[in-house]
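Quick notes on the structure that follows.
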Amino acid sequence: MKVKLGHIGHSVLSISPRWASRSVKSISSNFEKLHLYPRDMPITKTVSDDVYALDAIASFDYNDKATKDASKFSNNKQFLNAYRLKGKRQEGAILIDHLEIANIDVILNVTLSREAMALLVEFKLSLNAYLKDLVVSPVWSLADVIQLNIKFSNVVTGQHTMATNGNSSLINSHFSISSVLLILLAISPSGSHIITGYGFSIREATIDDLQLAFKQNQLTSRQLVEFYIGEIRKLNPVLHGVIEVNPDALYEADKADHERNAKAPRSLSGLHGIPVLVKDTIGTKDKLNTTAGSFALLGSVVPRDAGVVTKLRNAGAIILGKASLSEWANFRSLAAPSGFSARGAQGKNPYVLSVTPCGSSSGPAISAAANLVAVALGTETDGSILCPASFNSVVSIKPTVGLTSRAGVIPVSPRQDTIGPITRTVSDAVHVLDTIAGFDYNDKATKSASKYIPRGGYKQFLNAYRLKGKRLGIVRNPFFTSGTGSLHAKAFEHHFQTLRQEGAILIDHLEIANIDVILDVTLSGEATALLAEFKLSLNAYLKDLLISPVRSLADVIAFDNKFSDLEKIKEYGQAIFLASQATNGIGNNEKAALLNLKNLSRDGFEKLMRKYRLDALVTPGPDAAPVLAIGGFPGINVPAGYDNNGVPFGITFGGLKGSEPTLIEIAYGFEQATKIRKPPSFKP
């Protein structure tokens, strides 16, 4: 038996009473036989077929409150009796003729009856709610749909074709077939993130939202982990934001739920029971690998958790898995695209899939943006946290070097490396910073940097009204040189005005001495220093592993050559590895480079900040990353807008060492005044 489904008014025979269930409680064998789909009404060639179909779909569904009262209207098959017309019509029926329905002319007029008015309001409310409930969608509101219709108004659908500027083709120039299929896959709805009858939604939830849901028994850590694992299974084949999921994640979630129920002291921690993805350079002493995205380290065993992971575990956080990255923190090849690693494949920007996700902490940013997790940890040597955060419309904090431990993290440069949070809100990033900042005896730099941690932690600086009186510097050249008419330029001019309205003092048209040299890794000496530091620090890291297929940079290079197909050496090479291997410690050239970097930082950024008594330097996205990197300075990226193609861009607030409290006040104030971030759209 086959039943065709459709809407009222387009059927051969349809049953569509107002009380009929609008959603399906379960897909049973009836559905397989009848070819029914949720939210449709049966359309068949006979009454009996319609009734069988109706009985299959009419039942209580806790996701649709209207079905609770309507479910009493069930078991309709019993009324399939050809001899029940007696007393009704013909064959014994009684006809009462010439009746009238009061105000029938008004009822049949959608304007006079005000049906149209009601439907217009109800449609907007219900459609917005439906779109908000989608796991992924190119549109999140009726307004978005209208804008999409306007943008693609020239697209006219025909029989399996779309017209493009008068030329008939299989698909118009905005899309490829695979892209359309990808979008259709991505926007499929799921109720899995609606956890209880209270309707709590995990998507876009903050740490505070999740903790409140825990407290109110609307959510458990197990449910949260199950949701994220489900999203990873569904979206990661497209996004490649995650390399591995922790096989013990559900066990850790159950443990957190037990501690919460037992009111254990650490259950009061802000990160207790919260899943966290860590970049695949951050060591975990568990069943997860730590490989920097390379097969060369697959199967290696770290001696202990990284310092930041120890702090996360002590706070009760759940290590959900390892996020992907640009292989070896983007320090293997000059040719490899950002977000690529041999183990993790090519990471995709969830806003515009064909656009770079940037790197090297691409996976943490992709995952946080796409709601594969609420909290992720990345690492930065020069731009590796700030850049992916900017391109994926998330928040990131690049801490002062040494404020967070680098122990147990695959290194590039102990002088510049730092570990920081990548989340969707400033508040969440600050929660994480409070947890991971502090002394670690395995990282000597944390001893001196610990003096910067304020008594009472960083959350106290989450005040939306602290922009008043903040002195913000703007260096137009080279950071704001695009034409004044561009969308990017207009957005930042608007942001400058917003900052002024919030009470900030903007000191404009400033200059950083030797900025052209600072931004050139060769002229500044940064490349020379990093190449030598990488070989020394990586060899020390590999030597410290309990088990490893490789024990030196030379071994890694040999592995790549042996397994060149696996590591795509022919396509991308390993030029940086080879240049680093050619170094021989910190010699005269390296010492000169280090001195030059110190002088450039002192006479450039530091001098500017002190001369004008600046609280922060304001720059677009990661553009000033080298300025902050070479001096070990902190920065916070906040979503700042989207270009004409929907590609995100951020705004970065950078400051002197230990200025995180002030930067948090500025970044949080800006975020609360603008609230620009929106979920990703998965455009091709």
Side-chain angles (χ1 to χ4, degrees), residues 133-138 171 175-193 202-204 224-247 249-250 275-280 287-289 291-295 298 319-327 336-374 376 378 388 391-394 422 424 565-568 571-572 646 679-684:
D133 192 42
L134 295 177
V135 175
V136 182
S137 176
I171 210 76
F175 301 100
S176 66
I177 293 175
S178 60
S179 297
V180 172
L181 292 174
L182 183 58
I183 292 174
L184 291 175
L185 172 66
I187 65 175
S188 57
S190 169
S192 62
H193 67 296
I202 296 174
R203 184 170 58 81
E204 295 293 301
L224 184 58
V225 169
E226 286 175 338
F227 168 75
Y228 286 138
I229 290 175
E231 294 303 283
I232 291 168
R233 285 173 177 166
K234 179 164 45 176
L235 296 177
N236 202 57
V238 173
L239 297 177
H240 301 294
V242 181
I243 288 183
E244 288 186 47
V245 171
N246 186 357
L250 287 173
V276 180
L277 281 171
V278 299
K279 186 176 178 179
D280 190 37
K287 296 175 183 177
L288 291 166
N289 287 285
T291 69
S294 170
F295 285 103
L298 189 61
I319 303 303
L320 181 62
K322 292 296 178 74
S324 63
L325 71 163
S326 304
E327 188 171 324
S338 285
F340 166 80
S341 70
R343 288 196 65 219
Q346 179 59 56
K348 297 287 188 177
N349 187 313
Y351 286 86
V352 182
L353 296 162
S354 58
V355 169
T356 178
C358 205
S360 64
S361 300
S362 50
I366 292 168
S367 300
N371 284 276
L372 305 185
V373 76
F391 272 87
N392 293 277
S393 198
V394 287
I422 297 178
R424 291 187 293 273
D565 290 343
L566 201 60
E567 288 289 335
K568 292 189 178 294
E571 293 86 347
Y572 304 133
S681 53
F682 290 79
K683 294 179 180 178

Can you find a pair of side-chain heavy atoms, one from [X] and one from [Y], that are under 4.5 Å apart?
X: Val242; Y: Leu320; result: no
X: Pro388; Y: Pro357; result: no
X: Lys322; Y: Leu277; result: no
X: Tyr228; Y: Ile202; result: yes
X: Ile243; Y: Ser341; result: yes
X: Asn371; Y: Glu204; result: yes

So, Gln346 side chain and His240 main chain: donor-acceptor pair closer than 3.5 Å or not?
->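 Answer holds: no.
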Contact summary for [X] and [Y], nearest pair of heavy atoms:
X: Ser354; Y: Pro684; value: OG-O, 3.4 Å
X: Pro275; Y: Val373; value: O-CG2, 3.5 Å
X: Phe682; Y: Ala370; value: CZ-CB, 4.3 Å
X: Ser367; Y: Gly241; value: OG-O, 3.3 Å
X: Tyr351; Y: Ala369; value: CE1-CB, 4.2 Å
X: Ala249; Y: Val225; value: CB-CG1, 4.0 Å

Could you state the interatomic distance from [atom1] ([X]) to [atom2] ([Y]), rounded to the nearest 0.5 Å?
X: Glu244; Y: Leu298; atom1: CD; atom2: CG; result: 7.5 Å
X: Leu372; Y: Phe227; atom1: CG; atom2: CZ; result: 8.5 Å
X: Lys568; Y: Glu327; atom1: NZ; atom2: CD; result: 11.0 Å
X: Asn392; Y: Arg424; atom1: CG; atom2: CZ; result: 12.5 Å
X: Phe391; Y: Thr356; atom1: CZ; atom2: OG1; result: 6.0 Å
X: Asp280; Y: Asn289; atom1: CG; atom2: CG; result: 7.5 Å

Name the one of Ser362, Ser324, Ser361 that satisfies side-chain hydrogen bond (donor to acceptor under 3.5 Å, both in side chains) with Lys279?
->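 Among Ser362, Ser324, Ser361, the one meeting side-chain hydrogen bond (donor to acceptor under 3.5 Å, both in side chains) with Lys279 is Ser361.
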